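Down below is the structure, laid out as C-alpha coordinates.
Every chain is numbered from 1 and lettered A, B, ... according to where its sequence line falls, protein lines coming before strand lines. Computed from a prediction, not measured in an experiment: that's the story for all the values here. Values reported hereafter were calculated over all heavy atoms of this structure, with side chains retained and with hydrogens, waters and symmetry mates removed.
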Amino acid sequence: MDDISLLDAAERYLRGEMTEEERILFEELRKNNADVDQLVVEHHFFLDEMNRHANIKNLRSTFHDTHIALLKEGSIREIPTGKARRIYLWTRYKRTIAVAASIAGVTALLFSGMVTVLTPKADKNQVEVLGRKLDILEKNQNHTNSELRDVKHKIEIPGTPAKFGGTGFLIDAKGFLVTNAHVVKNASRVTVQNRTGLELNAKTIFVDDSLDIAILKIDDSLFKALNTLPYAIKKSSNDLAEPIYTLGYPRDEIVYGEGYLSAKTGFNGDTLTCQISVAANPGNSGGPVLNKNGEVIGILSTRQVAAEGVVFAINSKNIFRALDQMKRTDTTYQNIKLPGNSAMKSMERVQQVKKVQECVYMVKGY
Amino acid sequence: MGYQSWHKCINTDLVDSYKQEQELLKALAVNDKKAIERIYADNYSLIQNLILNNSGTEEDAKDIFQEAVIILYEKSKSDSFELSCQIKTYIYSVSRRLWLKRLQYNRRYEAEIASLVEIVPVEEDMEEHDKRSLQFGMMEKAMSSIGEPCKSLLEAYYINKKSMQEIAENFGYTNADNAKNQKYKCLLRLKKLFFAQYKNGN
(Lines give C-alpha, C1' and ligand atoms only; values in the text may rest on other atoms or scores of the structure.)
Protein backbone atom coordinates (compact mmCIF):
# COMPACT_ATOMS: atom_id res chain seq x y z
CA MET A 1 0.00 0.00 0.00
CA ASP A 2 1.57 3.27 -1.06
CA ASP A 3 1.29 6.55 0.78
CA ILE A 4 -1.53 7.87 -1.33
CA SER A 5 -3.79 4.86 -1.08
CA LEU A 6 -3.08 4.67 2.65
CA LEU A 7 -3.97 8.33 3.01
CA ASP A 8 -7.11 7.78 0.98
CA ALA A 9 -8.03 4.85 3.19
CA ALA A 10 -7.41 6.83 6.37
CA GLU A 11 -9.46 9.70 5.09
CA ARG A 12 -12.32 7.53 3.98
CA TYR A 13 -12.15 5.71 7.35
CA LEU A 14 -12.25 8.96 9.28
CA ARG A 15 -15.05 10.36 7.18
CA GLY A 16 -17.01 7.19 7.62
CA GLU A 17 -17.06 6.53 3.88
CA MET A 18 -15.79 2.94 4.18
CA THR A 19 -17.99 -0.08 3.79
CA GLU A 20 -18.40 -2.30 6.84
CA GLU A 21 -15.94 -4.88 5.45
CA GLU A 22 -13.33 -2.25 4.61
CA ARG A 23 -13.66 -0.69 8.06
CA ILE A 24 -13.08 -4.01 9.85
CA LEU A 25 -10.05 -4.71 7.68
CA PHE A 26 -8.66 -1.26 8.24
CA GLU A 27 -9.18 -1.44 11.99
CA GLU A 28 -7.33 -4.75 11.96
CA LEU A 29 -4.48 -3.08 10.11
CA ARG A 30 -4.41 -0.21 12.62
CA LYS A 31 -4.15 -2.66 15.52
CA ASN A 32 -1.29 -4.60 13.94
CA ASN A 33 0.60 -1.71 12.39
CA ALA A 34 1.64 1.08 14.72
CA ASP A 35 2.67 3.26 11.76
CA VAL A 36 -0.79 3.04 10.25
CA ASP A 37 -2.34 3.82 13.61
CA GLN A 38 -0.04 6.80 13.98
CA LEU A 39 -1.01 7.95 10.49
CA VAL A 40 -4.70 7.73 11.30
CA VAL A 41 -4.31 9.74 14.53
CA GLU A 42 -2.21 12.28 12.76
CA HIS A 43 -4.58 12.54 9.85
CA HIS A 44 -7.52 12.88 12.19
CA PHE A 45 -5.86 15.82 13.86
CA PHE A 46 -4.89 17.27 10.51
CA LEU A 47 -8.36 16.97 9.04
CA ASP A 48 -9.77 18.61 12.16
CA GLU A 49 -7.30 21.37 11.73
CA MET A 50 -8.15 21.71 8.04
CA ASN A 51 -11.80 21.74 8.91
CA ARG A 52 -11.41 24.35 11.56
CA HIS A 53 -9.32 26.40 9.21
CA ALA A 54 -11.97 26.07 6.58
CA ASN A 55 -14.75 26.95 9.01
CA ILE A 56 -12.99 30.03 10.25
CA LYS A 57 -12.20 31.10 6.72
CA ASN A 58 -15.84 30.64 5.82
CA LEU A 59 -16.87 32.45 8.97
CA ARG A 60 -14.62 35.35 8.14
CA SER A 61 -16.03 35.63 4.67
CA THR A 62 -19.53 35.46 6.18
CA PHE A 63 -18.54 38.23 8.58
CA HIS A 64 -17.32 40.29 5.69
CA ASP A 65 -20.57 39.82 3.78
CA THR A 66 -22.63 40.43 6.91
CA HIS A 67 -20.74 43.58 7.71
CA ILE A 68 -21.41 45.00 4.28
CA ALA A 69 -25.04 43.87 4.33
CA LEU A 70 -25.67 45.38 7.75
CA LEU A 71 -24.03 48.62 6.74
CA LYS A 72 -26.31 48.82 3.71
CA GLU A 73 -29.28 47.98 5.86
CA GLY A 74 -28.28 50.61 8.45
CA SER A 75 -28.24 48.22 11.42
CA ILE A 76 -24.66 49.22 12.05
CA ARG A 77 -22.96 52.37 10.96
CA GLU A 78 -19.34 52.93 10.25
CA ILE A 79 -17.58 55.79 11.90
CA PRO A 80 -14.85 56.36 9.39
CA THR A 81 -11.35 57.10 10.47
CA GLY A 82 -9.65 60.32 9.46
CA LYS A 83 -11.62 63.54 9.26
CA ALA A 84 -14.90 62.19 10.55
CA ARG A 85 -13.11 60.43 13.33
CA ARG A 86 -11.45 63.64 14.27
CA ILE A 87 -14.84 65.30 14.41
CA TYR A 88 -16.12 62.40 16.47
CA LEU A 89 -13.21 62.76 18.83
CA TRP A 90 -13.77 66.50 18.91
CA THR A 91 -17.38 66.14 19.94
CA ARG A 92 -16.40 63.55 22.46
CA TYR A 93 -13.51 65.44 24.01
CA LYS A 94 -14.40 69.07 23.37
CA ARG A 95 -15.12 69.75 27.03
CA THR A 96 -11.87 68.20 28.14
CA ILE A 97 -10.04 70.05 25.37
CA ALA A 98 -11.69 73.31 26.38
CA VAL A 99 -10.67 72.86 30.00
CA ALA A 100 -7.15 71.84 29.03
CA ALA A 101 -6.87 74.77 26.63
CA SER A 102 -8.06 77.24 29.27
CA ILE A 103 -5.64 75.86 31.81
CA ALA A 104 -2.84 75.99 29.25
CA GLY A 105 -3.83 79.49 28.26
CA VAL A 106 -4.04 80.74 31.82
CA THR A 107 -0.76 79.08 32.69
CA ALA A 108 0.90 80.56 29.62
CA LEU A 109 -0.46 84.01 30.42
CA LEU A 110 0.59 83.71 34.05
CA PHE A 111 4.00 82.50 33.09
CA SER A 112 4.64 85.11 30.44
CA GLY A 113 3.20 87.66 32.84
CA MET A 114 5.60 86.58 35.50
CA VAL A 115 8.42 86.61 33.00
CA THR A 116 7.65 90.12 31.83
CA VAL A 117 6.86 91.43 35.30
CA LEU A 118 9.75 89.91 37.17
CA THR A 119 12.77 88.85 35.20
CA PRO A 120 13.31 91.35 32.42
CA LYS A 121 12.43 94.22 34.74
CA ALA A 122 15.43 93.54 36.91
CA ASP A 123 17.63 93.02 33.86
CA LYS A 124 16.40 96.12 32.12
CA ASN A 125 16.94 98.23 35.19
CA GLN A 126 20.45 97.03 35.56
CA VAL A 127 21.18 97.70 31.95
CA GLU A 128 19.54 101.09 32.10
CA VAL A 129 21.29 101.95 35.26
CA LEU A 130 24.54 100.82 33.80
CA GLY A 131 23.92 102.82 30.69
CA ARG A 132 23.00 105.84 32.62
CA LYS A 133 26.00 105.40 34.79
CA LEU A 134 28.23 105.21 31.78
CA ASP A 135 26.47 108.23 30.43
CA ILE A 136 26.86 110.00 33.73
CA LEU A 137 30.46 108.97 33.96
CA GLU A 138 31.14 110.29 30.50
CA LYS A 139 29.32 113.49 31.26
CA ASN A 140 31.09 113.74 34.57
CA GLN A 141 34.41 113.19 32.93
CA ASN A 142 33.79 115.87 30.34
CA HIS A 143 32.38 118.11 32.95
CA THR A 144 35.23 117.54 35.36
CA ASN A 145 37.77 117.92 32.63
CA SER A 146 36.40 121.31 31.76
CA GLU A 147 36.09 122.13 35.40
CA LEU A 148 39.59 121.01 36.02
CA ARG A 149 40.70 123.29 33.27
CA ASP A 150 38.65 126.06 34.80
CA VAL A 151 39.98 125.32 38.25
CA LYS A 152 43.49 125.64 37.01
CA HIS A 153 42.74 129.18 36.08
CA LYS A 154 40.30 129.96 38.81
CA ILE A 155 42.56 129.05 41.68
CA GLU A 156 44.76 131.91 40.64
CA ILE A 157 44.02 135.20 42.26
CA PRO A 158 42.53 137.65 39.91
CA GLY A 159 44.56 140.36 41.62
CA THR A 160 44.30 143.75 40.07
CA PRO A 161 47.72 144.08 38.69
CA ALA A 162 48.51 140.41 38.51
CA LYS A 163 46.98 138.18 35.80
CA PHE A 164 47.40 134.98 37.75
CA GLY A 165 47.90 134.09 41.32
CA GLY A 166 48.56 131.21 43.62
CA THR A 167 50.61 130.01 46.48
CA GLY A 168 54.16 128.76 46.66
CA PHE A 169 56.43 127.62 49.45
CA LEU A 170 60.11 127.38 49.97
CA ILE A 171 61.87 124.13 49.34
CA ASP A 172 65.30 125.50 49.94
CA ALA A 173 66.13 128.22 52.40
CA LYS A 174 68.23 130.00 49.78
CA GLY A 175 65.04 131.15 48.03
CA PHE A 176 63.75 128.35 45.90
CA LEU A 177 60.00 127.96 45.82
CA VAL A 178 57.74 125.32 44.44
CA THR A 179 54.29 126.01 43.06
CA ASN A 180 51.91 124.63 40.45
CA ALA A 181 52.92 124.87 36.84
CA HIS A 182 49.48 126.24 36.00
CA VAL A 183 49.99 129.16 38.40
CA VAL A 184 52.92 130.58 36.51
CA LYS A 185 51.99 129.39 33.07
CA ASN A 186 51.69 132.16 30.49
CA ALA A 187 53.15 134.61 32.96
CA SER A 188 55.75 136.92 31.49
CA ARG A 189 56.78 138.06 34.95
CA VAL A 190 56.42 136.39 38.32
CA THR A 191 56.60 137.95 41.73
CA VAL A 192 56.17 136.48 45.17
CA GLN A 193 54.74 138.22 48.14
CA ASN A 194 55.31 137.21 51.71
CA ARG A 195 52.99 137.38 54.71
CA THR A 196 54.02 140.92 55.48
CA GLY A 197 53.12 142.07 51.99
CA LEU A 198 56.62 142.40 50.72
CA GLU A 199 56.66 141.71 47.01
CA LEU A 200 59.78 140.14 45.61
CA ASN A 201 60.77 139.41 42.07
CA ALA A 202 61.11 135.79 41.12
CA LYS A 203 61.89 133.84 38.05
CA THR A 204 60.62 130.52 36.86
CA ILE A 205 63.55 128.20 36.58
CA PHE A 206 61.68 124.96 35.87
CA VAL A 207 58.24 123.99 34.71
CA ASP A 208 56.86 120.49 34.30
CA ASP A 209 53.33 120.57 32.97
CA SER A 210 52.78 116.84 33.31
CA LEU A 211 53.62 116.95 37.02
CA ASP A 212 52.05 120.42 37.26
CA ILE A 213 55.09 121.57 39.20
CA ALA A 214 57.06 124.77 38.73
CA ILE A 215 60.19 125.81 40.61
CA LEU A 216 60.78 129.50 41.13
CA LYS A 217 63.81 131.34 42.42
CA ILE A 218 63.41 134.54 44.37
CA ASP A 219 65.65 136.92 42.60
CA ASP A 220 65.43 140.02 44.69
CA SER A 221 67.95 141.84 46.88
CA LEU A 222 65.26 142.40 49.49
CA PHE A 223 64.98 138.66 50.11
CA LYS A 224 66.52 137.52 53.32
CA ALA A 225 67.45 133.91 53.21
CA LEU A 226 66.42 131.71 56.09
CA ASN A 227 68.84 129.48 57.92
CA THR A 228 66.78 126.35 57.68
CA LEU A 229 63.27 125.38 56.70
CA PRO A 230 61.11 124.21 59.61
CA TYR A 231 59.41 121.45 57.64
CA ALA A 232 60.63 118.46 55.71
CA ILE A 233 59.54 117.33 52.24
CA LYS A 234 58.28 113.79 52.63
CA LYS A 235 59.57 111.25 50.14
CA SER A 236 57.61 108.20 51.28
CA SER A 237 53.94 107.60 50.76
CA ASN A 238 51.22 108.76 53.05
CA ASP A 239 48.58 107.05 55.12
CA LEU A 240 44.91 107.21 54.54
CA ALA A 241 42.99 109.33 57.09
CA GLU A 242 46.19 111.09 58.07
CA PRO A 243 45.28 114.53 59.43
CA ILE A 244 46.64 117.31 57.23
CA TYR A 245 46.64 121.09 57.07
CA THR A 246 47.31 123.65 54.42
CA LEU A 247 48.34 127.26 54.20
CA GLY A 248 47.62 129.43 51.21
CA TYR A 249 46.62 132.76 49.80
CA PRO A 250 43.11 132.49 48.50
CA ARG A 251 43.00 136.14 49.37
CA ASP A 252 45.61 138.67 50.42
CA GLU A 253 45.79 137.21 53.87
CA ILE A 254 47.32 133.79 54.52
CA VAL A 255 44.59 131.24 55.23
CA TYR A 256 44.87 128.08 57.25
CA GLY A 257 42.79 125.00 56.50
CA GLU A 258 42.80 121.53 57.91
CA GLY A 259 41.45 118.12 56.90
CA TYR A 260 42.60 114.57 56.21
CA LEU A 261 44.00 112.43 53.49
CA SER A 262 40.89 110.92 51.97
CA ALA A 263 42.34 108.86 49.11
CA LYS A 264 45.79 107.83 48.02
CA THR A 265 45.02 108.58 44.40
CA GLY A 266 43.71 111.68 42.77
CA PHE A 267 41.13 112.38 40.15
CA ASN A 268 40.24 109.27 38.13
CA GLY A 269 42.87 107.24 39.91
CA ASP A 270 45.76 109.56 39.08
CA THR A 271 48.72 108.24 41.06
CA LEU A 272 50.64 111.48 40.87
CA THR A 273 48.14 113.09 43.15
CA CYS A 274 46.17 112.21 46.23
CA GLN A 275 42.80 113.30 47.41
CA ILE A 276 42.49 115.41 50.50
CA SER A 277 39.51 116.74 52.25
CA VAL A 278 40.10 120.33 53.03
CA ALA A 279 38.55 123.70 52.35
CA ALA A 280 40.33 125.08 49.35
CA ASN A 281 39.66 128.07 47.17
CA PRO A 282 41.20 129.59 44.10
CA GLY A 283 44.53 130.87 45.19
CA ASN A 284 45.31 127.87 47.34
CA SER A 285 46.97 126.31 44.28
CA GLY A 286 50.59 125.53 44.94
CA GLY A 287 50.23 125.67 48.71
CA PRO A 288 51.88 123.10 50.96
CA VAL A 289 49.94 120.19 52.43
CA LEU A 290 51.49 119.18 55.73
CA ASN A 291 50.90 116.37 58.16
CA LYS A 292 50.91 116.55 61.92
CA ASN A 293 54.68 116.02 62.06
CA GLY A 294 55.26 119.09 59.97
CA GLU A 295 56.22 117.21 56.87
CA VAL A 296 55.10 118.42 53.47
CA ILE A 297 53.20 115.60 51.90
CA GLY A 298 51.95 117.42 48.83
CA ILE A 299 51.23 120.50 46.83
CA LEU A 300 47.61 121.51 46.73
CA SER A 301 46.72 121.71 43.08
CA THR A 302 43.10 121.29 42.02
CA ARG A 303 39.71 120.68 43.38
CA GLN A 304 36.65 119.03 42.00
CA VAL A 305 33.93 121.66 41.71
CA ALA A 306 31.06 119.20 41.40
CA ALA A 307 31.86 117.70 44.78
CA GLU A 308 32.29 119.52 48.04
CA GLY A 309 35.63 119.22 49.79
CA VAL A 310 37.28 117.09 47.16
CA VAL A 311 40.73 118.55 46.64
CA PHE A 312 43.71 117.01 44.94
CA ALA A 313 47.29 117.47 45.98
CA ILE A 314 50.42 116.50 44.07
CA ASN A 315 52.34 113.93 46.05
CA SER A 316 55.43 115.47 47.58
CA LYS A 317 57.74 112.85 46.12
CA ASN A 318 57.06 114.45 42.76
CA ILE A 319 58.94 117.48 44.00
CA PHE A 320 62.00 115.27 44.16
CA ARG A 321 61.31 114.04 40.68
CA ALA A 322 60.89 117.54 39.36
CA LEU A 323 64.07 118.64 41.04
CA ASP A 324 65.97 115.69 39.65
CA GLN A 325 64.72 116.52 36.18
CA MET A 326 65.69 120.13 36.60
CA LYS A 327 69.16 119.22 37.83
CA ARG A 328 69.65 117.01 34.81
CA THR A 329 68.63 119.67 32.33
CA ASP A 330 70.03 122.71 34.09
CA THR A 331 73.35 122.38 35.85
CA THR A 332 73.13 125.86 37.36
CA TYR A 333 71.08 124.75 40.36
CA GLN A 334 72.89 121.69 41.58
CA ASN A 335 73.10 123.01 45.10
CA ILE A 336 69.36 122.89 45.82
CA LYS A 337 68.78 120.56 48.72
CA LEU A 338 65.37 119.57 49.90
CA PRO A 339 64.84 119.59 53.68
CA GLY A 340 64.87 116.03 54.97
CA ASN A 341 64.02 116.55 58.65
CA SER A 342 61.15 118.31 60.20
CA ALA A 343 61.94 120.54 63.13
CA MET A 344 58.34 120.62 64.25
CA LYS A 345 57.58 116.99 65.07
CA SER A 346 56.35 117.49 68.59
CA MET A 347 55.18 121.05 68.08
CA GLU A 348 51.66 122.22 68.55
CA ARG A 349 49.77 123.09 65.41
CA VAL A 350 49.72 126.82 66.18
CA GLN A 351 53.49 126.85 66.63
CA GLN A 352 53.96 124.86 63.47
CA VAL A 353 51.82 127.25 61.48
CA LYS A 354 53.73 130.23 62.84
CA LYS A 355 56.92 128.74 61.49
CA VAL A 356 55.48 127.46 58.22
CA GLN A 357 53.77 130.69 57.28
CA GLU A 358 57.20 132.38 57.03
CA CYS A 359 58.00 130.08 54.16
CA VAL A 360 54.70 130.36 52.26
CA TYR A 361 54.42 133.03 49.60
CA MET A 362 51.75 134.39 47.34
CA VAL A 363 52.74 133.87 43.75
CA LYS A 364 51.67 136.47 41.20
CA GLY A 365 51.94 136.23 37.49
CA TYR A 366 51.88 139.19 35.18
CA MET B 1 -17.49 32.29 39.08
CA GLY B 2 -19.64 30.94 36.31
CA TYR B 3 -22.55 30.62 38.63
CA GLN B 4 -22.16 34.16 39.89
CA SER B 5 -21.97 35.58 36.38
CA TRP B 6 -24.96 33.65 35.26
CA HIS B 7 -26.76 34.79 38.37
CA LYS B 8 -26.23 38.34 37.19
CA CYS B 9 -27.56 37.35 33.81
CA ILE B 10 -30.80 36.06 35.16
CA ASN B 11 -31.25 39.18 37.17
CA THR B 12 -31.16 41.26 34.04
CA ASP B 13 -32.61 38.83 31.53
CA LEU B 14 -35.70 36.78 31.22
CA VAL B 15 -35.44 33.03 31.00
CA ASP B 16 -36.92 33.31 27.53
CA SER B 17 -34.09 35.39 26.28
CA TYR B 18 -31.66 32.84 27.78
CA LYS B 19 -33.27 30.11 25.72
CA GLN B 20 -33.15 32.30 22.63
CA GLU B 21 -29.47 32.91 23.13
CA GLN B 22 -28.74 29.21 23.55
CA GLU B 23 -30.45 28.54 20.24
CA LEU B 24 -28.58 31.35 18.61
CA LEU B 25 -25.28 29.85 19.77
CA LYS B 26 -26.25 26.41 18.44
CA ALA B 27 -26.97 28.01 15.10
CA LEU B 28 -23.65 29.85 15.19
CA ALA B 29 -21.85 26.55 15.79
CA VAL B 30 -23.02 25.31 12.40
CA ASN B 31 -22.12 28.56 10.58
CA ASP B 32 -25.75 29.60 10.26
CA LYS B 33 -25.80 32.85 8.31
CA LYS B 34 -28.89 34.23 10.01
CA ALA B 35 -27.42 33.61 13.47
CA ILE B 36 -24.21 35.35 12.46
CA GLU B 37 -26.17 38.33 11.15
CA ARG B 38 -28.18 38.53 14.34
CA ILE B 39 -25.12 38.42 16.59
CA TYR B 40 -23.38 40.93 14.35
CA ALA B 41 -26.24 43.42 14.35
CA ASP B 42 -26.84 43.14 18.11
CA ASN B 43 -23.31 43.55 19.30
CA TYR B 44 -21.19 45.39 16.77
CA SER B 45 -21.96 48.95 17.95
CA LEU B 46 -20.96 48.20 21.54
CA ILE B 47 -17.55 46.92 20.47
CA GLN B 48 -17.18 49.73 17.95
CA ASN B 49 -17.62 52.25 20.78
CA LEU B 50 -15.22 50.37 23.00
CA ILE B 51 -12.44 50.38 20.41
CA LEU B 52 -12.97 53.88 19.06
CA ASN B 53 -13.06 55.33 22.57
CA ASN B 54 -9.80 53.64 23.37
CA SER B 55 -7.67 54.98 20.53
CA GLY B 56 -8.66 52.38 17.98
CA THR B 57 -9.88 52.79 14.40
CA GLU B 58 -12.95 51.47 12.60
CA GLU B 59 -10.76 48.76 11.09
CA ASP B 60 -9.55 47.76 14.56
CA ALA B 61 -13.14 47.59 15.78
CA LYS B 62 -14.07 45.26 12.91
CA ASP B 63 -11.04 43.03 13.53
CA ILE B 64 -11.57 42.80 17.26
CA PHE B 65 -15.30 42.18 16.99
CA GLN B 66 -14.89 39.42 14.40
CA GLU B 67 -12.13 37.82 16.41
CA ALA B 68 -14.38 37.85 19.48
CA VAL B 69 -17.21 36.21 17.54
CA ILE B 70 -14.79 33.57 16.30
CA ILE B 71 -13.85 32.83 19.92
CA LEU B 72 -17.56 32.56 20.71
CA TYR B 73 -18.00 30.31 17.69
CA GLU B 74 -15.19 27.99 18.77
CA LYS B 75 -16.59 27.87 22.24
CA SER B 76 -20.04 27.03 20.87
CA LYS B 77 -18.52 24.18 18.83
CA SER B 78 -16.63 22.63 21.72
CA ASP B 79 -18.07 19.59 23.48
CA SER B 80 -17.96 21.17 26.90
CA PHE B 81 -19.93 24.13 25.67
CA GLU B 82 -21.47 26.26 28.34
CA LEU B 83 -22.01 30.00 28.25
CA SER B 84 -22.56 31.32 31.72
CA CYS B 85 -23.70 34.79 30.74
CA GLN B 86 -25.23 36.86 28.00
CA ILE B 87 -23.68 36.77 24.54
CA LYS B 88 -23.24 40.54 24.71
CA THR B 89 -21.32 40.36 27.97
CA TYR B 90 -19.13 37.59 26.64
CA ILE B 91 -18.33 39.35 23.39
CA TYR B 92 -17.62 42.58 25.24
CA SER B 93 -15.33 40.86 27.74
CA VAL B 94 -13.41 39.06 25.02
CA SER B 95 -13.13 42.17 22.84
CA ARG B 96 -11.87 44.22 25.75
CA ARG B 97 -9.26 41.60 26.54
CA LEU B 98 -8.19 41.35 22.90
CA TRP B 99 -7.91 45.10 22.56
CA LEU B 100 -5.92 45.50 25.77
CA LYS B 101 -3.54 42.86 24.51
CA ARG B 102 -3.09 44.63 21.20
CA LEU B 103 -2.54 47.98 22.89
CA GLN B 104 0.06 46.46 25.14
CA TYR B 105 1.67 44.77 22.16
CA ASN B 106 1.90 48.12 20.40
CA ARG B 107 3.18 49.65 23.65
CA ARG B 108 0.75 52.47 23.32
CA TYR B 109 -1.02 51.84 26.58
CA GLU B 110 -0.21 50.23 29.86
CA ALA B 111 -3.43 51.49 31.32
CA GLU B 112 -6.68 49.74 31.96
CA ILE B 113 -9.71 50.30 29.80
CA ALA B 114 -12.33 51.79 32.02
CA SER B 115 -15.45 49.70 31.66
CA LEU B 116 -18.98 50.67 32.52
CA VAL B 117 -20.32 47.44 31.05
CA GLU B 118 -20.31 44.19 32.96
CA ILE B 119 -17.36 41.97 32.16
CA VAL B 120 -16.73 38.29 32.81
CA PRO B 121 -13.39 36.51 33.11
CA VAL B 122 -12.38 35.08 29.75
CA GLU B 123 -8.70 34.28 30.33
CA GLU B 124 -9.08 30.51 29.82
CA ASP B 125 -10.94 30.92 26.55
CA MET B 126 -8.36 33.41 25.44
CA GLU B 127 -5.53 30.97 26.10
CA GLU B 128 -7.32 28.28 24.15
CA HIS B 129 -7.93 30.72 21.36
CA ASP B 130 -4.28 31.82 21.28
CA LYS B 131 -3.22 28.21 20.77
CA ARG B 132 -5.78 27.74 18.04
CA SER B 133 -4.91 30.93 16.23
CA LEU B 134 -1.28 29.84 16.28
CA GLN B 135 -2.31 26.63 14.50
CA PHE B 136 -4.54 28.59 12.17
CA GLY B 137 -1.51 30.65 11.26
CA MET B 138 0.51 27.51 10.60
CA MET B 139 -2.16 26.18 8.30
CA GLU B 140 -2.34 29.50 6.51
CA LYS B 141 1.40 29.51 6.02
CA ALA B 142 1.48 25.91 4.84
CA MET B 143 -1.37 26.60 2.45
CA SER B 144 0.31 29.66 1.03
CA SER B 145 3.58 27.81 0.46
CA ILE B 146 2.30 24.74 -1.42
CA GLY B 147 1.54 26.89 -4.47
CA GLU B 148 -0.97 26.44 -7.25
CA PRO B 149 -2.84 24.37 -8.33
CA CYS B 150 -2.49 22.53 -4.97
CA LYS B 151 -3.82 25.42 -2.93
CA SER B 152 -6.97 25.89 -5.02
CA LEU B 153 -7.50 22.18 -5.27
CA LEU B 154 -7.29 21.64 -1.51
CA GLU B 155 -9.36 24.73 -0.76
CA ALA B 156 -12.04 23.57 -3.18
CA TYR B 157 -12.21 20.18 -1.52
CA TYR B 158 -11.60 20.87 2.18
CA ILE B 159 -12.75 24.45 2.61
CA ASN B 160 -15.46 24.86 -0.01
CA LYS B 161 -16.47 21.20 0.40
CA LYS B 162 -16.78 20.55 -3.31
CA SER B 163 -17.05 17.02 -4.62
CA MET B 164 -14.18 15.44 -6.52
CA GLN B 165 -16.40 15.34 -9.64
CA GLU B 166 -16.90 19.12 -9.55
CA ILE B 167 -13.24 19.68 -8.89
CA ALA B 168 -12.21 17.47 -11.81
CA GLU B 169 -14.42 19.55 -14.10
CA ASN B 170 -13.29 22.90 -12.73
CA PHE B 171 -9.60 22.09 -12.75
CA GLY B 172 -9.66 20.24 -16.08
CA TYR B 173 -8.78 16.73 -14.85
CA THR B 174 -9.88 13.91 -17.12
CA ASN B 175 -11.71 12.17 -14.27
CA ALA B 176 -12.43 12.33 -10.54
CA ASP B 177 -9.79 9.66 -9.75
CA ASN B 178 -7.09 11.75 -11.40
CA ALA B 179 -8.21 14.75 -9.42
CA LYS B 180 -8.27 12.64 -6.26
CA ASN B 181 -4.73 11.42 -6.86
CA GLN B 182 -3.59 14.97 -7.41
CA LYS B 183 -5.39 16.10 -4.27
CA TYR B 184 -3.62 13.46 -2.16
CA LYS B 185 -0.23 14.44 -3.54
CA CYS B 186 -1.01 18.00 -2.60
CA LEU B 187 -2.29 16.93 0.82
CA LEU B 188 0.91 15.01 1.57
CA ARG B 189 2.97 18.10 0.82
CA LEU B 190 0.66 20.25 2.94
CA LYS B 191 0.88 17.88 5.87
CA LYS B 192 4.64 17.87 5.60
CA LEU B 193 4.75 21.67 5.65
CA PHE B 194 2.23 21.95 8.47
CA PHE B 195 3.80 19.37 10.75
CA ALA B 196 7.24 20.79 10.20
CA GLN B 197 5.98 24.06 11.72
CA TYR B 198 3.89 22.27 14.32
CA LYS B 199 6.85 20.28 15.65
CA ASN B 200 8.99 23.42 15.74
CA GLY B 201 6.18 25.33 17.40
CA ASN B 202 5.63 22.83 20.23
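If you measure heavy-atom distances from L190(B) to chain A, the contacts under 4.5 Å come from both the backbone and the side chain. Within the 4.5 angstrom heavy-atom criterion, only side-chain atoms of L70(A), from C-beta onward, approach chain B. At a 4.5 Å heavy-atom cutoff, F65(B) makes no contact with chain A through either its backbone or its side chain. Only the side chain of E74(B) has a heavy atom closer than 4.5 Å to any heavy atom of chain A.
Between Y44(B) and H67(A), the ring-plane angle classifies as perpendicular under the 30° and 60° cut-offs. By the 30° and 60° cut-offs, the orientation of the rings of F194(B) relative to F46(A) is perpendicular.
Most heavy-atom pairs under 4.5 Å with chain B: of the set L47(A), N51(A), N58(A), this distinction falls to N58(A). Each of V69(B), D42(B), L28(B) has some count of heavy-atom pairs under 4.5 Å with chain A, and the biggest count is that of V69(B). By number of non-hydrogen pairs under 4.5 angstrom with chain A, the leading residue of E155(B), M143(B), K62(B), K185(B) is K62(B).
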Before giving the answer on side chain to side chain contact (heavy atoms under 4.5 Å, CB included), spell out for E140(B) and I56(A) the whole-Å C-alpha distance, their side-chain angles and the decisive distance to 0.1 Å. CA-CA 11 Å; E140(B) 277 284 286; I56(A) 287 170; over 6 Å; no

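For K183(B) and E11(A), the salt-bridge test passes: some basic side-chain N is under 4.0 Å from an acidic carboxylate O.
Within residues 29-36 of chain B, the residues that have a heavy atom under 4.5 Å from a heavy atom of chain A are N31(B), K33(B), I36(B), listed by number.
A distance of 9.5 Å separates OH of Y157(B) from CE of M50(A), quoted to the nearest 0.5 Å.
Within a 6.0 Å radius of CD in E123(B), more than 12 heavy atoms belonging to other residues, nucleotides or ligands are found. Within 6.0 Å of OH on Y184(B) lie more than 12 heavy atoms contributed by other residues, nucleotides or ligands.
Looking only at distances, a side-chain donor or acceptor of R52(A) sits under 3.5 Å from a matching main-chain atom of R132(B).
Nearest heavy-atom pair across Q66(B) and H64(A) is NE2-N, 4.3 Å. When all heavy atoms are compared, the tightest approach of F136(B) to E49(A) is N-OE2, 4.3 Å.
Counting only heavy atoms from C-beta outward, the side chains of F63(A) and E67(B) never approach each other to under 4.5 Å. Side-chain contact between K191(B) and L39(A) is present, with heavy atoms from C-beta onward closer than 4.5 Å.
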